[in-house]
Structure formats: C-alpha cells, structure tokens
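What follows is one structure encoded as structure tokens, with my remarks underneath.
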Amino acid sequence: MTGFSTDWLDLREEADQRARDADLEARLADHFAGREELRIVDLGCGTGANARALAAHLPGVQHWRFVDNDPDLLAAARARMAQWGAAAGDPQGDLHMVAQSKQVHITFQQADLSSDLSAVIEPNDDLITAAAFFDLVSPAWIARFVETVAATGAVFYTVLIYDGEEVWMPSHEADNAVHAAFRQHQRGDKGFGPAAGSDAADLLIRRFAEAGYHVHAAPSPWRLEAPDRALIAALADGTAQAARETGLIDAATAHDWRTARANADAAIIGHVDLLALPPAD
Ligand SMILES: C[S@@+](CC[C@H](N)C(=O)[O-])C[C@H]1O[C@@H](n2cnc3c(N)ncnc32)[C@H](O)[C@@H]1O
C-alpha cells in the first residue's frame, strides 16, 4: 500500500485528539483502575499519536509496544516520543520516560500486520489498541484478528475508524459523486486484501460480540472549521485524488471539487471509537 507521511499524521493529530470519545476513554480507564502494570500494543502506531493521547488515561507502569511496517514512521515515533517524554534510553532502541506523571516504557517492532499478526500479539498483553487503522484492513483479517485477541483475553480499544459519513459546508454539486468514489477507493486493497473501509467498525462490533466480549461504540467525528484550514485543504486534496483514481470522476470535476473544498467553511468527517471488554469482566 502507499505509505502515510509524517506530515499528514502531524497535521491530523490535534483533530484526532479532539475527536476521541471521552466517555469511552474513561470507561477504559475505569476498567484498568488500580493496575500496577500494563502491557499495551499499538497496532499501526505511525508516529505514536495514540500513545500521546492515551498514556495519561491509563494507570500504573505502562509497557508499550509500538508496531508498524514502515521503518521511517517507527523512527519518527521514537523521535517524537523521546521529545514528548524527555526520554532516556538507547537512541536506536527502547525508550523509558516519565510523561504526564506516568512511567512509560516503549519498544518498537517493525512488522507487517497483514502476515505477522500472531507474532505481534502475545498471551500476556493486557490491551490491544490502534488509531485510524481498522478501515485499512479486510473483513477476513478482522475475523482472524478478533480470534487472535480473544484467545489472549486482552482488552481491545480502537479510535477513529472512518465511517463514511461526510458533510462539507457549503455543499457542492459533485459532493455525492466524489464521496461515492472515495468510499469505493477506501475498499481497495491496502495490503490486507479488499479493505472493509467504512464497514470496519460494524464488523469489529459483530465479531467481538460473537467472541463474548462486551462491546461499546461511540461516534468520534472530526469537526473541522476555519482554524483547521491546513487539514481541510490536505483532506480535499487526498479525497479528490482518491476519487479520481477510481475512474468514476473525471479530471475537471475532481479539480473543481478540490478547489472548492480546500476553501470549505467547515467539514464533519465521521469516525467511530470502539471498546471491547473480555467476557470475564
Ligand atoms: C492512518 S495511519 C495511523 C497512524 C497512527 N495510528 C495515528 O493515529 O496517527 C495508519 C498506520 O498503519 C500502518 N500500517 C498500514 N499497513 C500496515 C501493515 N501492513 N503492517 C503494519 N502497519 C501498517 C501505517 O504505516 C500507518 O502508520
């Protein structure tokens, strides 16, 4: 699949943090309240934005394992986290820090999750988490993933799964056609087989419920306005390009839509957060 740039991940980090559902995060924190140590795996960690948002809400000494297939993003994650937590540690290896009053240890693992899943999730992991990741994977991979997690009894928490809902203001005559093409592009192969795209949250909910988990979901839309101008423009570019790649939108329409959208007053982009607690709890 095509890679994710650090520029794009940096651009979206603040909007992502604003969008995360606070009640679900609090429910996760309650679940682990009183724990002295936690083993946490962040799948598709990118530059580590998920840990920067979540670490403050989790108790105890936190042992994070950051997993990504992109070595450049893992290097960026190490640099960002070292700076975030004024970390000590081997500049090429693990990091150790006290950040936001939490003791945080991070190891970095380069792995292709499409094939290495069972080597990544370990029997004593407490929490499997991910942000902005699950719309990339296929329905078949989700089924395998849920089986693997359920076999360990770990908690599952993921945020910012794209759900296909978009409202741009003011409206544009090509909105429906562009969004239909974009959603089709989302279902292309992102390295895991044809992607679940905006069905990913529903599939996860169903599979974890079938595995006996208690599943909680909440909307976490981006609500973008004038101060998010750079993100709106980048989103307009990416959406128009993806829509164009499907062949469903002609070049003139894509160009016209992109130009109008880069100057949109506001946009709401739908996401879902999800917490699945294992049966014994
Ligand atoms: C949209 S980014 C999200 C990054 C980060 N979680 C965040 O919230 O900023 C998706 C991430 O999944 C990673 N990824 C995509 N395919 C992967 C694969 N096959 N194995 C491991 N990581 C993968 C990408 O490298 C990227 O870091």
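Order of listing sets the numbers, starting from 1, for every ligand and every atom in it. In what follows, every heavy atom counts, from backbone to side chain, and hydrogens, waters and symmetry copies are set aside.
In this structure, Phe145 is a member of the same hydrophobic cluster as Leu275, with clusters built from ILVMFWY side-chain heavy atoms closer than 4.5 Å.
With a heavy-atom cut-off of 4.0 Å, Cys45 touches ligand 1 through its backbone alone.
Within ligand 1, the atoms closer than 4.0 Å to a non-hydrogen atom of Ala131 are 3 (C), 5 (C), 6 (N), 8 (O), numbered from 1 in the order shown. The contact set between ligand 1 and Phe133, taken as ligand atoms under 4.0 Å from a residue heavy atom, comprises 12 (O). Counting atoms of ligand 1 from 1 in the listed order, those under 4.0 Å from a heavy atom of Asp112 are 18 (C), 19 (N), 20 (N). Remark: ligand 1 atoms within the under-4.0 Å shell around heavy atoms of Ala111 are 20 (N), 21 (C).
A salt bridge links Asp237 to Arg258: one of the charged nitrogens lies within less than 4.0 Å of a carboxylate oxygen.
Considering Leu117, Leu113, Asp112 in turn, Leu113 is the only one that fulfils the side-chain contact (heavy atoms from CB on, under 4.5 Å) rule with Val67.
The shortest N/O to N/O separation between Phe192 and ligand 1 does not fall below 3.5 Å. Taking distance alone, with nitrogen or oxygen atoms compared against 3.5 Å, Asp68 approaches ligand 1 more closely than that limit.
Seen from the ring of Phe108, Arg65 does not count as a face-on cation partner, given the 6.0 Å and 45° thresholds.
Inter-residue side-chain proximity for Phe32 and Val155 is flagged as met; some heavy-atom pair is nearer than 4.5 Å.
No more than 12 heavy atoms of other residues, nucleotides or ligands lie within 6.0 Å of CG in Asn176, so this atom counts as exposed by the packing criterion. Within a 6.0 Å radius of NE2 in His96, more than 12 heavy atoms belonging to other residues, nucleotides or ligands are found.
When the options Ala49, Gly46, Gly44 are ranked by their closest heavy atom to atom 6 (N) of ligand 1, first place goes to Gly44. For atom 22 (N) of ligand 1, the choice among Asp42, Asp16, Asn69 with the nearest heavy atom turns out to be Asn69.
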